[in-house]
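Computed over heavy atoms, backbone and side chain alike; hydrogens, waters and symmetry mates excluded. Start at 1 and go down the list; that is how both ligands and their atoms are numbered.
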Amino acid sequence: MKLQMVDVVGQYQKIKPEIDAAIHKILDSGQFILGKEVGEFECQIAGYLGVKYAVGCASGTDALQVAMMALNIGPGDEVITTPFTFVATAETIALLGAKPVYVDIDPKTFNIDPSLIESAITPQTKAIIPVHLYGQAADMDPIMAVARKHDLKVIEDSAQGMGATYKGKKVCTFGDISCISYFPSKNLGAFGDAGMVVTNDAALAEKMRMIIVHGSKVRYYHEILGVNSRLDTLQAVILSVKLKYLDQWNAARRKAAATYNDMLKGTPVTVPYVSPNGEHIFHQYTIRAPRRNELAEHLKQKGIPHAIYYPIPLHLQQAFAVPGTGKGAFPITEQATDEVLSLPMHTELTDEQIVYITDAIKEFYH
Ligand SMILES: *Cc1c(COP(=O)(O)O)cnc(C)c1O
């Protein structure tokens, strides 16, 4: 059986005529950089999420950097985030000269534990970056409460959360700024790198719109320090076609997750916890597995793709070695890195494939 972690080609085949027509229109127009379609797509996303402003940029990583630049985060500042995330969340903090300060996670959701945030706040703390890991919203109410109490900014890293909800509202509507990645494997994926920042704050939106084009409002007049980080017109039209299917695709992922849950009943693995606070969009279907590395090897033998997101927590990454945060500093995160295993999850996954995958897991634990 041919299995893939993510099936971007299979998904494209289903909407090929629409995508191809959109691409050819741009090829014929020659408007590759900031064409009017970028603005149209920004409006569609703002409408979808329920935010006032959306500004496209070149990647989710850039979105984080642009957001922090807009909030004047730099040398001497501290930013609180989770050590259990993709490197970009902390890398951009460090690139701007600020210090990532980690807070351990909730063992059920894998998201930052809000009850641990307050004790990590210092006079240098400027912002908190919760991550909606695997497609499940971080617990935003207590995060926003502690942020407001200490006058901190909140940036949602929603690279994995496109379409997820928290208490009836979409993620990306809680923080001061939220960051989206349209990396091909994300729930709403482009055909290359792409990203976006969204906000309800007009001044921040205007500033971010300047930052992404070298800090200028008028070409060749540079008012603030910026970068070159634009959303390609081609990616904007592709994403615009795909956005129409996003809810349907997220529902397909939820259905696949439910099938996995059923099939894994009675095995020693822990299936993903779904918080009653909102809708999980299963960017990843991630189990906790006893003897995880041996199980991974068994799946490999059977030709079943799988991944470990993430094998090394950020506080133990060589690039981020910070005195005082060595092994043992964040035990819940460290345990998660030893136990998690993500199984194939995408919109084209069939029940037969899920049965094949879960049969291999049952065989391993038999
Ligand atoms: C993918 C991802 C990013 C970075 O997005 P890119 O578009 O790949 O730069 C940032 N944070 C998290 C949590 C991610 O999963």
Legend entry - Identified ring-ring contact (aromatic ring centres under 6.0 Å, His included) counterpart of Phe110 within the set Tyr309, Tyr273, Tyr134: Tyr134
Inset, instruction - Using a strict 4.0 Å threshold on nitrogen-to-oxygen distance, state whether Arg148 and Asp176 make a salt bridge. - result: yes
Legend entry - Residue that, paired with Ile45, satisfies side chain to side chain contact (heavy atoms under 4.5 Å, CB included) out of Val51, Leu239, Val55, Leu188: Leu188
Contacts table for ligand 1: protein N or O within a distance under 3.5 Å of ligand N or O, distances only.
{"residue": "ligand 1", "atom": "5 (O)", "partner": "Ser181", "partner atom": "OG", "Å": "3.3"}
{"residue": "ligand 1", "atom": "7 (O)", "partner": "Gly60", "partner atom": "N", "Å": "2.8"}
{"residue": "ligand 1", "atom": "7 (O)", "partner": "Ser181", "partner atom": "OG", "Å": "2.6"}
{"residue": "ligand 1", "atom": "9 (O)", "partner": "Gly60", "partner atom": "N", "Å": "3.4"}
{"residue": "ligand 1", "atom": "9 (O)", "partner": "Thr61", "partner atom": "N", "Å": "2.8"}
{"residue": "ligand 1", "atom": "9 (O)", "partner": "Thr61", "partner atom": "OG1", "Å": "2.5"}
{"residue": "ligand 1", "atom": "11 (N)", "partner": "Asp157", "partner atom": "OD1", "Å": "3.3"}
{"residue": "ligand 1", "atom": "11 (N)", "partner": "Asp157", "partner atom": "OD2", "Å": "2.8"}
{"residue": "ligand 1", "atom": "15 (O)", "partner": "Gln160", "partner atom": "NE2", "Å": "2.8"}
{"residue": "ligand 1", "atom": "15 (O)", "partner": "Lys186", "partner atom": "NZ", "Å": "2.9"}

Legend entry - Ion pair Asp262/Lys265, N-O distance below 4.0 Å: yes
Legend entry - Lys/Arg N to Asp/Glu carboxylate O, Arg209 vs Glu42, below 4.0 Å: yes
All N/O donor-acceptor pairs, side-chain side in residues 84-91, below 3.5 Å, sequence neighbours left out:
{"residue": "Thr85", "atom": "OG1", "partner": "Thr89", "partner atom": "OG1", "Å": "2.9"}
{"residue": "Thr89", "atom": "OG1", "partner": "Phe86", "partner atom": "O", "Å": "3.2"}
{"residue": "Thr89", "atom": "OG1", "partner": "Asp157", "partner atom": "OD2", "Å": "2.9"}

